[in-house]
Amino acid sequence: MKRDYAEIFFNSLARLVTYSITAVIAYIIFDIVRNGIGVISWEFLSGFPSNGGAKGGILPAIVGTVYLSLGAIIVALPLGVASAIYLTEYGKQGKFNEMIRLAIVTLAGVPSIVFGLFGLGLFVLFFDFGSSILAGSLTLALMILPTIIVTSEEALRAVPRSYREGSLALGATQWTTIRTNVLPYALPGMLTGSILGIGRAAGETAPILLTVAAFFLPRLPDSVFDQVMALPYHLYILATQHPEIELVRPMQYGTALVLLVIVLAFNLGAIVLRSRFQRKIKSQH
Amino acid sequence: MNDTKQLSTKQQSVLEPQVSVKDLSVFYGEMQALYDIILDIPTKRVTALIGPSGCGKSTFLRCLNRMNDIIEGAHVTGEILIDGEDIYHPNADVVALRRKVGMVFQKSNPFPKSIFDNIAYGPRIHGQKNQGILSETVERSLQRAGLWNEVKDRLQKSALELSGGQQQRLCIARALAVDPKVLLMDEPASALDPRSTAHIEDLIDKLRKDFTIVIVTHNMQQAARVSSRTAFFYEGRLIEVGRTKELFTNPSIKQTEDYITGRFG
């Protein structure tokens, strides 16, 4: 009987904790939507900011965030997938491989401001890209690389060994085997990595603070060497640096809402893509 | 150990062996899995490898197409000649070897592709793009594996929808599609029901006219039914090899007798 009580207690506790976390997230989203929805208008989404962000729209920040996230994923995905292929398929298990893995895990735990400073030192100053989309995207790419490597590795490992053996036994080279009989089945899992990566890249402030983000720049970028505004940084400015913080509160909520929707849209896109791949593999392929 | 070695050498007299194994030893790291195996495998005959779990028979089988290469820490010494060529020679072409020596695994492993694409996988990776030739190869391979009539109307359906026995015959057809000379089978029927097993055994009986077959099996009746020669492995050593009928009715070594009469294993 005693064990039953323990069972009920821990069951309820786990349930309570789960519900509480969900409730907190739901409240945050609810609060942002309730206070932000009033500001959302065509003018807000497609206009340029004026009066230091107190009036007008946030188009440059939206465009900046989309460019930076896409730039980061375009750089990080091929690098991450290639590293994962090396680590799971080619690299010999041993000290060296373990050290690389340790480095990757450590990299994942490095605070984002450190990435920002690193990007400032390497891309902005040393390579002389200046404060630019290029420098910002590369910095974000470095930051999300560990996530992409780790999830891609997991995806590759989830492909049954028998697919590799079956292919090799037919005389396929290792690369042919990977290309035709491993990667196609690991792709959905790899997309999960990029979902997480994009979500993080779009939302981070610290790495772009020192490498790309403009305080106030009411125009769209012409090239990858331009500075841009970005939603998280814009939000930070409005919420802490603006002379009249109370007055621009609705703008803050509106910006937060747009950022939230963009991240969700990225995620949703990747989820749809992933399930389409999975369906293709299950039914026809 | 010298006794056994001499004995197995004496019993070796095989006319025109396709595969000739000399002093083969295999190590996994520090552990030795096979000791000085000497064995000739005759052309277009079925050779069965029997012995208790862990005796090295699967390891031996996987040496014949160098599938042990992909196991980290595996190390092979000695010589394996297939059609006179040393397959472990530093300049040996592993891709060509594996085309010549096909393999069917214990657990059927159809790829999650259509039936057609499974069979065409081998020819395609070797550069065949002609759709007409591919279709012919697919049909011929499925015919040979005795699966054509069951699947000819659904070649574009996923291979995963087939039954267990059909999947294993699909894997045999897939191996046949690259025109091998030797077919290695690692307990091909151990996961199948009796009817499917009978189906596979009938198939082996048909295939032996055209292929040199080496089959690992736990099932002694199966070895007796399908093979003309049987090799008994125990603790990494080849204990005895000979004509199947003789080995089962009149084994010359005590360990073989104990194993086939079920005293251990």
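Heavy-atom basis, side chains included; hydrogens, waters and symmetry copies ignored. Not measured: the values here are computed from a predicted model.
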*Which heavy atom in A:Tyr163 sits nearest to a heavy atom in B:Phe111, and how many Å separate them?*
O-CE2, 3.6 Å
*Picking from A:Thr176, A:Asn181, A:Thr177, what satisfies side-chain contact (heavy atoms from CB on, under 4.5 Å) with B:Ile125?*
A:Thr176
*Tell me, yes or no, whether the heavy-atom count around B:Glu85 atom CD, taken from other residues, nucleotides or ligands under 6.0 Å, exceeds 12.*
no
*Do B:Pro112 and A:Tyr185 touch side chain to side chain, with heavy atoms closer than 4.5 Å?*
yes
*Below 4.5 Å from any heavy atom of chain A, which atoms of B:Val101 appear? Answer side chain, backbone, both or neither.*
backbone
*Against chain A, label B:Pro110 side chain, backbone, both or neither, depending on which of its atoms sit under 4.5 Å from a heavy atom there.*
backbone
_Most chain A-contacting option - heavy-atom pairs closer than 4.5 Å, from B:Lys107, B:Met67, B:Lys100_ = B:Met67
*Largest heavy-atom contact set with chain B, pairs under 4.5 Å, which of A:Gln174, A:Glu165, A:Arg164*: A:Glu165
*If every non-hydrogen atom of B:His126 is compared with every non-hydrogen atom of A:Gly171, which pair is closest and at what distance?*
CE1-O, 3.4 Å
*What part of B:Arg174 lies closer than 4.5 angstrom to a heavy atom of chain A: side chain, backbone, both or neither?*
both
*asked:* Counting only heavy atoms from other residues, nucleotides and ligands, does the tally under 6.0 Å from CZ of A:Phe118 exceed 12?
replied: no
*Take atom CZ of A:Arg157 as the centre, draw a 6.0 Å sphere, and report whether it contains more than 12 heavy atoms from other residues, nucleotides or ligands.*
yes
_Portion of A:Arg179 that has a non-hydrogen atom of chain B nearer than 4.5 angstrom_ = neither
*asked:* For a quick test of reading the model, state the closest non-hydrogen atom pair linking A:Ser167 to B:Tyr121 and the distance between them.
replied: OG-OH, 2.7 Å
*Nearest 0.5 Å please: distance from the CZ atom of B:Arg99 over to the CG atom of A:Leu170.*
10.0 Å
*Roughly how far, to the nearest 0.5 Å, is the CZ atom of B:Arg98 from the OG1 atom of A:Thr173?*
10.0 Å
*Heavy-atom count around B:Arg45 CZ within 6.0 Å, excluding the residue itself: above 12?*
no
